[in-house]
Protein chains: 2
Amino acid sequence: MVQEISPITDKISVFAIKNPLQTSLGRSILEHGISLISRIGFEEFTFKKLGNEIGSPEASIYRYFENKHTYLLYITALYWGMIDEKCLHIINSEEPQFQKALAIIDLLCNPPRIMISNITIDGSMMYRIVMSESVKTFMTKQVDKDNSKGAFSTLKSVNQHLSYIISTVNPMCQYPRALASTIIEMSMFQRYFYEHLPSMTDIGKQKSMSDDLKELMIGMMYAGKHQIV
Amino acid sequence: MVQEISPITDKISVFAIKNPLQTSLGRSILEHGISLISRIGFEEFTFKKLGNEIGSPEASIYRYFENKHTYLLYITALYWGMIDEKCLHIINSEEPQFQKALAIIDLLCNPPRIMISNITIDGSMMYRIVMSESVKTFMTKQVDKDNSKGAFSTLKSVNQHLSYIISTVNPMCQYPRALASTIIEMSMFQRYFYEHLPSMTDIGKQKSMSDDLKELMIGMMYAGKHQIV
DNA sequence: TTTGGAATGATAGCAATACTATCAAAAATA
DNA sequence: TATTTTTGATAGTATTGCTATCATTCCAAA
């Protein structure tokens, strides 16, 4: 049986020993794993616990993923792959540039509910994982090795799209890539602060948390512009 | 012997079973531990390895720190405590507000070489740890508990100072706390990106890495100002 | 419909980690 | 000098992260 492979799963297939989207056990590993990590956090998460949830021995999970870390790499790369596809769609639309910028920021602040058709994954669970754990994918001693294997290519692609839009909307901007990565990371951090360290942010005080967050992120696109005006 | 306790060590003393600054073993644990973590990273770091370096059994280290995690809490809280003191000094100076803002941003982008007098700790090693590992102090399942014990009070105080300065420099700003935390976190992230994921940033392309970083962070203080102008 | 290969289940085992406990030696303090 | 505190030395335990083996089931081509 030849199954079609989407461009996303193609990019991230390096991080799985066996494509988990093509078998029912593989899909189960993804579905329940995502649910489990979003519940108990990545530190507490083990393949043994996941095995118990899906009624399979941990050894079976090791046949799909080399270890915990590459499993998290896979999930986050999958997430950014989804976002990347939607970014591309926005960029190729006929909207004015500023509307495209708004749409991308909205996408980052309110990620889609359903992430992938093949399996049933709640987008908000994916988002929770990425918000709380994605930093742990690249702030490790093995960043450079993981990066050279393409672990962050989907994230970097999203950053590329956003920085392109920032350049067109704010052409005097000296640091479009840095602003893009700031918007991407801070959209998650500020929400995390809102939930756990509220004195580190003020989103949710003017309007709703989500609206404040978006307004803040839109403002970020113009950081530094005062020097020109 | 009654030893004077600085306001910093006072704030963070909760996170040590026994004050490490008051014994030679304690200071050794801090000095070598900081050096070791900055070399091998926090994931690879164990009390056993540290014990080997200082010629003491790991059990002795457990007499000072409950576990790895509180040890990292202690180190980062110590770091932000130092920065906080220097912030206070800047704020109480006679400089104009904008100069104070510049001084704080400079402090965040180029942290001081010597952090604490009592023991010999290289500020750049402390900075490396905080840059690469500090996110792991608060992005855990135990944030709320740690926060309620005051684990992040020194960081929050720095954020408070910076957001105050931002409000005075940019009075129309709607989100001073969020901009402050963005500047604090992004000063570390952008440097990390520069070193490991260069396509995520553009610092170091116009001028020196450090100068670009500072200019970017200064611009952040004015994020969103375009809407008013 | 059989058959060979791949995928899974079941179980065992191992080195390392993150601790805890105990007791004797050494050091500091009174 | 007596005594309390601090350290060293050693042992032990539960869990984690992973590997290995072999039997079983599934599935697809011949």
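Chain letters run A, B, ... following the sequence lines, proteins first and then strands; every chain starts at 1.
Comparing atom distances between the Glu58(A) side chain and each of dA21(C), dC18(D), dC19(C) picks out dC18(D) as nearest. With distances taken from any side-chain atom of Ala59(B) to the nucleotides dT20(C), dA20(D), dC18(D), the minimum falls on dT20(C).
Legend: residues meeting side chain to side chain donor-acceptor pair (under 3.5 Å) with Gln142(A), ordered by chain and number and at least two apart, are absent. Listed by chain and number, the residues in a salt bridge (charged side-chain N to carboxylate O under 4.0 Å, His left out) with Arg191(A) amount to none (sequence neighbours excluded). Listed by chain and residue number, nothing satisfies the ring pair (Phe, Tyr, Trp, His ring centres under 6.0 Å) test with Tyr79(A) (two or more places apart in sequence, or in another chain). Remark: His161(B) pairs with no residue by the ring pair (Phe, Tyr, Trp, His ring centres under 6.0 Å) rule, at least two apart or across chains. Every side chain to side chain donor-acceptor pair (under 3.5 Å) that Ser181(B) has, sequence neighbours left out, goes to Gln190(A). Under the rule for a side chain to side chain donor-acceptor pair (under 3.5 Å), the partners of Ser28(A) that lie at least two apart in sequence or sit in another chain are His32(A). Taking Thr70(A) as the reference, Asn67(A) meet the side chain to side chain donor-acceptor pair (under 3.5 Å) condition, with sequence neighbours excluded.
Contact check of residues 136-150 of chain B against DNA chain C (heavy atom, cut-off under 4.0 Å) returns no residues at all. Within residues 40-54 of chain B, no residue places a heavy atom under 4.0 Å from DNA chain D.
Ile61(B) places its CD1 atom 12 Å from the C1' atom of dA18(C), with the value rounded to the nearest Å. Rounded to whole Å, the distance from CZ on Phe65(B) to P on dC19(C) is 14 Å. Remark: C1' of dA11(D) and OH of Tyr62(B) are 15 Å apart, rounded to the nearest angstrom. If you take CG of Leu72(B) and P of dA18(C), they are 13 Å apart, rounded to a whole angstrom.
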Between the protein and nucleotides 5-7 of chain D, list the N/O to N/O atom pairs that are separated by less than 3.5 angstrom.
unit_1	atom_1	unit_2	atom_2	d
dT7(D)	OP1	Tyr64(B)	OH	3.1
dT7(D)	OP2	Lys18(B)	NZ	3.3
dT7(D)	OP2	Tyr64(B)	OH	2.9

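Listed by first and then second residue, the ring pair (Phe, Tyr, Trp, His ring centres under 6.0 Å) pairs that reach into residues 134-157 of chain B are Phe193(A)-Phe138(B), sequence neighbours excluded. Applying the salt bridge (charged side-chain N to carboxylate O under 4.0 Å, His left out) definition to pairs two or more places apart or across chains, none involves residues 54-83 of chain B.
For the residue pair Thr182(B) and Tyr175(B), no side-chain donor N or O sits within less than 3.5 Å of a side-chain acceptor on the partner.
Between Tyr74(A) and Tyr64(A), the distance separating the two ring centers is not shorter than 6.0 angstrom.
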